[in-house]
Amino acid sequence: MNYAKPLGLGRRGKGKIGPTVEKVRLPVETDPEKLVKFVCGSHPVKEDRQDIELKDDSEYPDWLWELRTGKPLPLEELDPQTKYYWRRVRTMGMKADNLNSLTL
């Protein structure tokens, strides 16, 4: 019977089975002036794409400049009365359990 036969045994040297899909290469912007003035690649799918022009810092909301972009706060600095605190505690507990199960 051929029902348990692994795929590709009869096709030696003929490559992969199935259609191949070509990767789409998006153009990379190298012009430094355009990189400083526009959000390059903001619409990679559209045909007639226009990159978004960057505005002056004063035209953006104040909260944008206060966003944390670094590492998350340590658990000791978080308020235990928030949902975010308990989510972090749960995540840390699951990571510890996963590490313990690997070393058994």
Side-chain angles (χ1 to χ4, degrees):
M1 295 287 161
N2 292 330
Y3 67 91
K5 181 177 171 182
L7 290 175
L9 276 183
R11 301 174 48 110
R12 294 184 188 179
K14 292 186 179 179
K16 295 181 181 180
I17 298 173
T20 58
V21 178
E22 287 191 39
K23 292 183 180 179
V24 177
R25 294 273 185 182
L26 298 176
V28 177
E29 186 60 55
T30 56
D31 180 22
E33 300 241 349
K34 189 171 182 182
L35 288 170
V36 169
K37 294 180 181 179
F38 294 93
V39 179
C40 298
S42 55
H43 300 293
V45 180
K46 292 184 178 180
E47 291 293 324
D48 305 340
R49 68 177 195 260
Q50 295 290 324
D51 290 326
I52 300 169
E53 187 171 356
L54 293 173
K55 300 175 186 174
D56 192 39
D57 288 353
S58 62
E59 295 187 39
Y60 292 103
D62 292 333
W63 58 263
L64 183 64
W65 310 113
E66 298 170 4
L67 289 176
R68 290 187 49 84
T69 57
K71 293 183 178 181
L73 289 172
L75 196 61
E76 296 81 28
E77 293 183 23
L78 295 176
D79 180 20
Q81 301 300 320
T82 61
K83 192 173 187 176
Y84 180 68
Y85 173 86
W86 291 105
R87 223 181 257 159
R88 284 273 306 275
V89 169
R90 182 172 180 261
T91 303
M92 291 170 65
M94 286 191 297
K95 286 181 181 180
D97 287 345
N98 288 341
L99 286 176
N100 289 339
S101 67
L102 291 176
T103 58
L104 291 179

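For Arg90, the CZ atom sits in a loose shell: 12 or fewer heavy atoms of surrounding residues, nucleotides or ligands are nearer than 6.0 Å. Applying the 6.0 Å contact sphere to CD of Gln50 captures no more than 12 heavy atoms from other residues, nucleotides or ligands. The environment of Asp31 atom CG is dense: over 12 non-hydrogen atoms of other residues, nucleotides or ligands sit within 6.0 angstrom.
What you find for Leu35 and Glu29 is that their closest heavy atoms are CD1-O, 3.9 Å. In plain terms, the two heavy atoms of Leu78 and Arg88 that are nearest each other are CD1-NH1, 3.7 Å.
For the atom pair CG of Leu73 and CG of Asp79, the computed distance is 11.5 Å after rounding to the nearest 0.5 Å. Atoms OH and CD, on Tyr85 and Glu77 in that order, are 12.5 Å from each other to the nearest 0.5 Å. The NZ atom of Lys95 lies 12.5 Å from the CG atom of Asp97; values are rounded to the nearest 0.5 Å.
Both Trp65 and Leu54 are members of a single hydrophobic cluster when ILVMFWY side chains are connected at heavy-atom separations under 4.5 Å. Leu64 and Ile52 fall within the same hydrophobic cluster, where Ile, Leu, Val, Met, Phe, Trp and Tyr residues are linked whenever their side-chain heavy atoms come under 4.5 Å apart, directly or through other members. Following chains of ILVMFWY side-chain contacts shorter than 4.5 Å, one cannot reach Leu102 starting from Met94, and the two form parts of different hydrophobic clusters.
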